[in-house]
Q: 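Below: one structure in structure tokens.
Position 1 is the first residue of the sequence; numbering continues from there. Note that ligands are numbered from 1 as they come in the structure, with each ligand's atoms numbered from 1 the same way.
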Amino acid sequence: MTALQMDDDRSARFEALYGAHRRSIAAYVRRRVVEHDVEDVLAQVFLIAWRRFAMIPPPPEDRLWLFGVARRMVADHRRSTVRRRRLSERLAEEARGPVGPVGPVGTFETTQLRVDRALQALRPGEREVLRLVLWDGASHAEAAALFGCSANAAELRYRRARNRFREAFLARSPTGRTPVQEISSSLAPRVSGGAQPRGGSMPRALITGITGQDGRYLAELLIGKGYQVHGMIRGQNNPKGRIVQDEIPEIELINGDLTDLSSLIAAVEQVQPDEVYNLGAISFVKLSFSQPELTADVSGTGVLRLLEAIRIVGGPNNRIRFYQAATSEMFGKVHEIPQSETTPFHPRSPYGTAKVFGYYTTLNYRESYGIHASNGILFNHTSPRRGLEFVERKITNAVARISLGLQDTVALGNLETSRDFGYAGDYVEAMWRMLQRDDPSDFVVATGTRWSIRQVLDLAFAAIGIEDWSRYVVSDDRFLRPAEVDQLVGDASRARDVLGWEPKVTFPQILQEMVRHDIELEQAKAGGRE
Ligand code: NAP
Ligand code: G4F
């Protein structure tokens, strides 16, 4: 074979690899980095693949190897994003100097954007020295060697660059105000409603339950809409905080716990939010039976505490808008099919009763204090970020492991119940829409379709080509509940008519995606153990 033929062969192999795996690698990367960085990370992944093909024979398992490369690139990318953000904040903090410790509150755009803009205003040499010394941590002597000057001259250049950066950073914003004016105007009480930027500032959202499934989808949605997002995190040194921050670096984390009123007041006071989304809860129905008091405290009284914090901090002309994550579990032993905003409640678990308390407390603060407070009565919604304790994710994960030979069976409880399942990414859009209306109100959010647990098993096993799953499923009483919710299916016509909301992704589509995701996840974990 000639060298040219060998080259052709390699590029054909590369084309085949690229064509076959681009979609799945892209999906993996998309879930882990912000949208506008996806193509950059992908380009790096395939560049490495291309170089490798050009130098040595291709590895035996192209796909797994390529995923390994993608994982490393994503990890690198995240590390550098976090580092860049921290350095930006440091630079911005110093530039603000006597303006004081305003932190992220009230800026008219993200710190990152302002730092980027100020850097653009510098001369190339000035930018270079800042990047070298600040970004890359080079000493003045190292910078001097690179610039071909003395260490003193490098230090001088660095100082000049810092001063120029400060001037550029503090220059007037596009709205004609200085950052100081922007900050003070954004702290003034809001005069118009909704998520409209106030006095040129970004709208601010505070989300409880940021580490959960919905918290992360909602944060991504709001960031995409130009919000400054603050996520409440509980406990000391909660490891999930780092995971969230790595996944979505734009989120600002703030400490607080729904069982502690003073922490909630402090959080609302510090963030000065336009919108508060209360997604934090003990959300696993089965657990609520063994920890009923904790469930009542977090998922019930927690709503009251947060509303109190909003009432106290927001004052008489309260402009803070509030979303409460209510649930179809409140319908419990259903009085009608399908369930709508007018269906009576009949909860069947401590979780359900706690949520009914939260629902009425939200209504009461709306009626008593005129707070813009709405309940979203959401039916089951899921995604690859769904907790492994919930039945549909437990099933997709078990199916993935069974297909890889890592597990033989899955133990389940009641297979006869049915739920109205939707996609979490669609549902957070409904939450946001509720808070954009002038009138607060309560809405059912559902797909109107119902699936039994047996049908969930049919769909998930079909995704790996298995029709008869009976030998893979075992019955286990440990997963039964003292009182069951037999069936739930929602009528979301009001959300459709008033909010213009409707689901985009069907349950079979999202379930198939979850199986695929879980196969990748389990493959990666198994690969990591080898
Ligand atoms: P999830 O994944 O279980 O997340 C629950 C969140 O609550 C976690 O971030 C958790 O934080 C937080 N949390 C627990 N105890 C807390 C406390 N004491 N103080 C502050 N935060 C606390 O739930 P999800 O599926 O995203 O659901 C979001 C909300 O919607 C929940 O209120 C749930 O009840 C409700 N809902 C969900 C569905 C659904 O199908 N997903 C349907 C209807 C309603 P840690 O990570 O620190 O534990
Ligand atoms: O997945 P589940 O635990 O979800 P459940 O109880 O419907 O609650 C979820 O949806 C609510 C909205 O309606 C949310 F408010 C709540 O926060 C949560 O997100 O159970 C679904 C059904 C139940 O009937 C359960 O008995 O699946 C049945 N099931 C059968 N075997 C099982 C299992 N559930 C789980 N978790 N694990 C099993 O092995």
Q: Report, in ascending order of atom number, the atoms of ligand 1 lying under 4.0 Å from any heavy atom of Ala281.
A: 5 (C), 7 (O), 12 (C), 13 (N), 14 (C), 31 (C), 32 (O), 34 (O)
Q: Polar-atom distance check: Phe390 versus ligand 1, any N or O pair below 3.5 Å?
A: no
Q: Closest non-hydrogen protein atom to atom 34 (N) of ligand 2, residue and atom name please, with distance?
A: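 Atom 34 (N) of ligand 2 sits closest to the protein heavy atom Val391 CB, 3.4 Å.
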Q: Report the part of Asn278 (side chain from C-beta onward, or backbone N, CA, C, O) that has a heavy atom under 4.0 Å from ligand 1; answer both or neither where that applies.
A: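 Neither part.
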Q: Does ligand 1 have an atom under 4.0 Å from some heavy atom of Tyr351?
A: yes
Q: Going by the order shown, which atoms of ligand 2 are within less than 4.0 Å of some heavy atom of Phe479?
A: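 Atoms satisfying the 4.0 Å criterion: 38 (C), 39 (O).
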Q: With a 4.0 Å cut-off on heavy atoms, is Arg481 in contact with ligand 2?
A: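 Checking ligand 2 against Arg481, which is what was asked, there is a heavy-atom contact under 4.0 Å.
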Q: Salt bridge between Asp257 and Arg305, side-chain N to carboxylate O under 4.0 Å?
A: no
Q: Write out the residue and atom name of the closest protein heavy atom to atom 8 (O) of ligand 2, then the distance separating them to 0.1 Å.
A: Val285 CG2, 3.6 Å
Q: Is Lys240 close to ligand 1, meaning an N/O of one under 3.5 Å from an N/O of the other?
A: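 Yes, at least one N or O pair falls under 3.5 Å.
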Q: Using a strict 4.0 Å cut-off to heavy atoms of Arg386, name the atoms of ligand 1 that fall inside it.
A: 25 (O), 39 (C), 40 (O), 41 (N)
Q: Taking only heavy atoms of Gln213 into account, list the atoms of ligand 1 that are under 4.0 Å away from them.
A: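 Heavy-atom distances to Gln213 below 4.0 Å select 2 (O), 25 (O), 26 (O), 41 (N).
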Q: Given that the side chain starts at C-beta and the backbone is N, CA, C, O, which of these parts of Ile453 lies under 4.0 Å from ligand 2, counting heavy atoms, or is it both or neither?
A: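 The answer is the side chain of Ile453.
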Q: Once rounded to the nearest 0.5 Å, what's the spacing between atom CD1 of Ile395 and atom OH of Tyr472?
A: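 Between atom CD1 of Ile395 and atom OH of Tyr472 there are 15.5 Å.
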Q: Counting heavy atoms not belonging to Lys333, are there more than 12 under 6.0 Å from its NZ?
A: no
Q: Suppose I only count heavy atoms of Thr327 and a 4.0 Å limit; which atoms of ligand 2 are within that range?
A: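 Taking each heavy atom of Thr327 in turn, ligand 2 has 11 (C), 12 (C), 13 (O), 14 (C), 15 (F) under 4.0 Å.
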Q: So if I count the atoms of ligand 1 from 1 in the order they appear, which ones are less than 4.0 Å from some heavy atom of Asn238?
A: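 With Asn238 as reference, the close atoms of ligand 1 come out as 47 (O).
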Q: Which of the atoms in ligand 2, numbered in the order shown and given with their element, are less than 4.0 Å from a heavy-atom of Ser283?
A: 16 (C), 17 (O), 18 (C)
Q: Geometry only, no angles: is Gly413 polar-contacting ligand 2 at N/O separations under 3.5 Å?
A: yes
Q: Under 4.0 Å from any heavy atom of Ser328, which atoms of ligand 2 are there?
A: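 Per the distance check, 12 (C), 13 (O).
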Q: Could a heavy atom of Thr208 be found less than 4.0 Å from some atom of ligand 1?
A: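 It does not, in that no heavy atom of Thr208 comes within the 4.0 Å cut-off of ligand 1.
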Q: Can you tell me which residue and heavy atom of the protein come closest to atom 30 (C) of ligand 2, and the distance to 0.1 Å?
A: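 The closest heavy atom on the protein side is Asn414 O, 3.1 Å.
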Q: Identify the protein heavy atom lying closest to atom 45 (P) of ligand 1, giving its residue, its atom name and the separation to 0.1 Å.
A: Thr211 OG1, 3.4 Å
Q: Is Arg386 close enough and on-axis enough to Phe390, meaning under 6.0 Å and within 45°, for cation-pi?
A: yes
Q: Between Arg386 and ligand 2, which part of the residue brings a heavy atom under 4.0 Å of the ligand: side chain, backbone, both or neither?
A: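 Just the side chain.
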Q: Counting only heavy atoms, which portion of Val298 has something under 4.0 Å from ligand 1: side chain, backbone, both, or neither?
A: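 For Val298, only side-chain atoms sit under 4.0 Å from ligand 1.
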Q: For atom 38 (C) of ligand 1, which candidate among Arg216, Met232, His381 provides the closest heavy atom?
A: His381
Q: Considering only protein heavy atoms, which is closest to atom 36 (N) of ligand 2, and at what distance to one decimal place?
A: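 Going atom by atom, the protein heavy atom closest to atom 36 (N) of ligand 2 ends up being Glu389 O, 2.9 Å.
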Q: Could you identify the single nearest non-hydrogen protein atom to atom 6 (C) of ligand 1 and state the distance to 0.1 Å?
A: Gly209 CA, 3.7 Å
Q: Is the number of heavy atoms from other residues, nucleotides or ligands under 6.0 Å of Asp408 CG greater than 12?
A: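 Incorrect, the count does not exceed 12.
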Q: Looking only at protein heavy atoms, which one is nearest to atom 4 (O) of ligand 2, and what is the separation?
A: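 Among all protein heavy atoms, the one nearest atom 4 (O) of ligand 2 is Asn380 ND2, 3.8 Å.
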Q: So, does Phe379 sit close enough to ligand 1 that a heavy atom of it is under 4.0 Å from the ligand?
A: yes
Q: Is any NZ, NE, NH1 or NH2 atom of the basic residue among Arg385 and Glu513 found under 4.0 Å from an Asp or Glu carboxylate oxygen of the other?
A: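 A salt bridge is absent here (no side-chain N lies under 4.0 Å from a carboxylate O).
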Q: Looking at Leu378, which atoms of ligand 1 are within less than 4.0 Å of one of its heavy atoms?
A: 42 (C), 43 (C)
Q: Of all the non-hydrogen atoms in the protein, which one sits nearest to atom 26 (O) of ligand 1, and at what distance?
A: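 Result: Asp214 N, 2.8 Å.
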Q: I'd like to know whether Arg321 forms a salt bridge (charged side-chain N to carboxylate O under 4.0 Å, His left out) with Asp438, so could you lay out the CA-CA distance, the side-chain angles of the two residues, the decisive distance to 0.1 Å, and finally the verdict.
A: CA-CA 10 Å; Arg321 296 187 170 196; Asp438 282 339; 3.8 Å; yes
Q: Could you tell me whether some N/O pair between Glu389 and ligand 1 is separated by less than 3.5 angstrom?
A: no
Q: Can you tell me if CD on Gln455 sees more than 12 non-hydrogen neighbours from other groups inside 6.0 Å?
A: yes
Q: Any carboxylate oxygen within less than 4.0 angstrom of a Lys/Arg side-chain nitrogen, looking at Lys525 and Glu522?
A: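 Between Glu522 and Lys525 there is a salt bridge, with a charged N closer than 4.0 Å to a carboxylate O.
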Q: Tell me, which protein residue and heavy-atom name are nearest atom 1 (P) of ligand 1, and how many Å apart are they?
A: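 It is Ser283 OG, 3.7 Å.
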Q: Inspect the contact between Glu220 and Arg216 and indicate whether a charged nitrogen and a carboxylate oxygen are less than 4.0 angstrom apart.
A: no
Q: Under 3.5 Å, N or O to N or O, is Gly256 touching ligand 1 that way?
A: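 Looking only at distances, the answer is no, because the N/O contact criterion of under 3.5 Å is not met.
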Q: Regarding ligand 1, does Asn380 bring an N or O atom to under 3.5 Å of one of the ligand's N or O atoms?
A: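 No, there is no polar N/O contact under 3.5 Å.
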Q: Nearest protein heavy atom to atom 4 (O) of ligand 1, by residue and atom, and its distance?
A: Gly212 CA, 3.4 Å
Q: Under 6.0 Å between the ring centres of Trp451 and Phe421?
A: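 So the answer is no for these two rings.
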Q: Which of the atoms of ligand 1 are close to Ala325, meaning less than 4.0 Å from one of its heavy atoms?
A: 29 (C), 30 (O), 32 (O), 35 (C)
Q: Does Glu416 have a heavy atom less than 4.0 Å from any atom of ligand 2?
A: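 Not so, Glu416 does not reach ligand 2.
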Q: Looking only at non-hydrogen atoms, which of Ser288, Gly231, Pro239, Gly280 approaches atom 21 (N) of ligand 1 most closely?
A: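 Of the listed residues, Gly280 has the closest heavy atom.
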Q: Looking at ligand 1, does Ala326 have a heavy atom less than 4.0 Å from it?
A: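 Heavy atoms of Ala326 do come under 4.0 Å of ligand 1.
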Q: If you draw the axis of the six-membered ring of Phe479, does the NZ or CZ of Lys394 fall within 45° of it and under 6.0 Å from the ring centre?
A: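 Yes, Lys394 lies over the aromatic ring of Phe479.
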Q: Write out the residue and atom name of the closest protein heavy atom to atom 19 (N) of ligand 1, then the distance separating them to 0.1 Å.
A: Leu258 N, 3.0 Å
Q: How far is atom 23 (C) of ligand 2 from its nearest protein heavy atom, and which residue and atom name does that atom have?
A: Arg419 NH2, 3.4 Å
Q: Return yes or no for this condition: an N or O of Lys355 is under 3.5 Å from an N or O of ligand 1.
A: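 Indeed, backbone or side chain, Lys355 has an N or O that close.
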Q: Which ligand 2 atoms does Leu488 reach within 4.0 Å, using its non-hydrogen atoms?
A: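 Going through ligand 2 atom by atom, the ones under 4.0 Å from Leu488 are 13 (O).
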Q: Which protein non-hydrogen atom lies closest to atom 14 (C) of ligand 2, naming both residue and atom, and how far is it?
A: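 So the nearest neighbour among protein heavy atoms is Tyr351 OH, 3.5 Å.
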Q: Give me the residue, atom name and distance of the protein heavy atom closest to atom 28 (C) of ligand 1.
A: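 Minimum-distance protein heavy atom for atom 28 (C) of ligand 1 reads Leu279 O, 3.4 Å.
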Q: Measure the distance from atom 26 (O) of ligand 2 to every protein heavy atom, then report the residue, atom name and distance (to 0.1 Å) of the closest one.
A: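 Answer, as residue, atom name and distance: Glu484 OE2, 2.6 Å.
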Q: Can you tell me how far apart OG (Ser374) and CD (Gln324) are? Round to the nearest 0.5 Å.
A: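 One gets 10.5 Å once the value is rounded to the nearest 0.5 Å.
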Q: Could you tell me which atoms of ligand 1, counted from 1 in the order shown, lie closer than 4.0 angstrom to a heavy atom of Asp257?
A: 17 (C), 18 (N), 19 (N)
